[in-house]
Amino acid sequence: MNYKIIEKDNKIILKDMKNFEPKHIFECGQAFRWHVEEDGSYTAIHKGKVINVKREGRDVVFSNTNRSDFENIWFNYFDLGRDYSKIKEELSKDSVLKEAIKFGQGIRILNQEPFEIIISFIISANNQIPRIKKSIELISRSYGEYIDTYNGRKYFSFPTHDILADADIEDLEKNHKVGYRAKYIVNTSKMIKQGKIDLDSIYSLSTAEGQEKLKKFPGVGPKVSSCILLFAFNKDNAFPIDIWVKRIMEYFYLEEDTKLKDISKFANKKFGDLAGFAQQYLFYYARELGVGKKNKR
DNA sequence: GTCCAGGCTTTCC
DNA sequence: GGAAAGCCTGGA
């Protein structure tokens with residue numbers, strides 16, 4: 001890797017770390033549990049550990065952690081084994097991506113926990129990011145376990161599929177603000193609890209095969225399954241098409257009202273194995289620009 | 001078999 | 001009042 005690791009005072013510091021910008025990573029819509037602190041750092045919980053991340057000049061500082069957890073948990077979570085300079089160089093051959101990467105140069109794709117991501121993206125359908133975050137927080141507080149307090153804020157683990165399989169649908173719907181998605185959450189959790197679909201088996205499947213399997217869950221369609229594959233199962237060629245990506249793809253590459261399947265085919269052909277990374281740069285770019293609002297018919 | 005319209009909870013702008 | 005990281009159902 002292109003950086004040096006220093007450990008001190010319950011912190012891990014990566015010196016001269018490139019391609020790592022907390023704002024880009026945590027606000028490109030892939031993760032919903034990162035809380036921004038007053039000093040611009042971000043705090044979240046993953047695998048029963050609370051961590052705080054901050055960029056300080058040329059370095060990135062990880063607080064409330066140690067060498068062992070960093071190597072065993074966070075190295076993989078933050079995708080630190082991957083060469084993002086190479087990915088950006090390859091994608092920059094396309095002029096649109098070259099511009100998009102200027103906006104979100106510090107984006108990385110996190111490796112998150114499958115069950116939490118499945119439920120999070122079921123909630124994301126026809127929803128807004130602030131509200132998605134709120135629902136996930138409420139669910140964790142009610143059904144997860146208290147783990148730690150950091151900077152005055154309590155952190156709770158995301159509940160297991162066994163817990164959510166037995167949750168009350170009306171309680172989720174009303175008190176946790178997920179609305180009609182509540183039954184999808186409970187029924188998906190039940191399918192996993194009953195062993196109808198083995199999540200671990202998806203790691204070794206192709207993207208297309210994994211997508212077919214995930215779409216068996218209620219509330220999971222083409223877009224949500226693509227997100228799950230990209231953000232939890234390491235499928236780099238998955239290309240989730242939400243309203244923003246649809247707009248920006250039509251704006252720069254295709255005509256308006258292109259069918260989702262055709263956008264998908266185009267993206268896979270154009271970006272190939274890097275489609276997932278391209279999607280993240282494009283999504284961030286589209287939202288920064290507000291593409292589509294001005295472009296709308 | 002594919003395609004498409006309409007409905008869905010609630011919050012945010 | 002419209003839109004929001006869409007999906008499900010029913011009918012053509």
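Note on naming: letters A, B, ... go to the chains in the order of the sequence lines (proteins, then strands), and numbering restarts at 1 for each one. As the structure is a computational prediction, the values presented were derived from the model and not from experiment.
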Discussion item. Strictly below 4.0 Å: does R247(A) bring a side-chain N or O up to OP1 or OP2 of dA4(C)?
Written reply: yes
Problem - Close side-chain approach of I101(A) and F277(A), heavy atoms under 4.5 Å - result: no
For this session: Mark yes or no for a side-chain to base donor-acceptor pair under 3.5 Å between Y184(A) and dG6(C), with no hydrogen or angle criteria applied.
Result: no
On the nucleotide dA5(C), are OP1 or OP2 found under 4.0 Å from the side-chain N or O atoms that R287(A) carries? yes
Quiz prompt | Integer angstrom distance from the P of dA5(C) to that of dG6(B) | solution = 23 Å
The answer to which of K134(A) and R131(A) contacts DNA chain B further toward the 5' end, by nearest nucleotide, is R131(A)
Atom CZ of F231(A) and atom C1' of dA5(C) are separated, to the nearest Å, by 8 Å
Intra- and inter-strand pairing of DNA chain C, written as dot-bracket with Watson-Crick and G-U pairs under 3.5 Å and | for the latter, reads ||||.|||||||
- Please check if the distance between the ring centroids of Y143(A) and H176(A) is under 6.0 Å. yes
- Task: Give one of base, sugar-phosphate or nothing for K223(A), where a contact means two heavy atoms less than 4.0 Å apart.
- Result: base
Here the distance between atom C1' of dA4(C) and atom CD1 of I243(A), to the nearest Å, is 9 Å
Rounded to whole Å, OH of Y285(A) lies from P of dA5(C) at a distance of 19 Å
Separation of the P atoms in dT11(B) and dC7(C), to the nearest angstrom:
22 Å
Joint hydrophobic cluster, V60(A) plus I6(A), side-chain heavy atoms closer than 4.5 Å: no
By nearest-heavy-atom nucleotide on DNA chain C, the more 5' of Q128(A) and G219(A) is Q128(A)
Atom NZ of K183(A) and atom C1' of dC7(C) are separated, to the nearest Å, by 10 Å
The residue among R33(A), K54(A), H35(A), E37(A) that forms side-chain hydrogen bond (donor to acceptor under 3.5 Å, both in side chains) with T43(A) is E37(A)
The side-chain hydrogen bond (donor to acceptor under 3.5 Å, both in side chains) partner of K49(A) among N72(A), D148(A), D69(A) is D69(A)
Could you check whether any side-chain N or O of R181(A) sits under 3.5 Å from a backbone N or O of V178(A), counting only pairs where one atom can act as donor and the other as acceptor? yes
With sugar-phosphate meaning primed atoms plus P, OP1 and OP2, does V245(A) contact a base, only sugar-phosphate, or nothing at under 4.0 Å between heavy atoms? nothing
note: F32(A), atom CZ; dA5(C), atom P; distance rounded to Å ~ 9 Å
When rounded to whole Å, the CD1 to P distance for the pair I123(A) and dT11(B) reads 14 Å
When rounded to whole Å, the CD1 to C1' distance for the pair I132(A) and dC7(C) reads 14 Å
With N19(A) as partner, the option from Q105(A), K88(A), H24(A) fulfilling side-chain hydrogen bond (donor to acceptor under 3.5 Å, both in side chains) is K88(A)
Of dC8(B), dT10(B), dC3(B), the nucleotide closest to the side chain of K174(A) is dT10(B)
- Message: Using a 4.0 Å heavy-atom cut-off, does F283(A) contact any base of the nucleic acid, only the sugar-phosphate backbone, or nothing at all?
- Response: base
I107(A) atom CD1 is separated from dA5(C) atom C1', nearest whole Å, by 14 Å
Practice problem: Answer with yes or no whether the side chains of S157(A) and E145(A) bring together a donor and an acceptor at under 3.5 Å. | Solution: no
Closest of dC4(B), dT9(B), dC7(C) to the N126(A) side chain is dT9(B)
Answer with base, sugar-phosphate or nothing: what part of the nucleic acid does G29(A) contact at a heavy-atom distance below 4.0 Å?
base
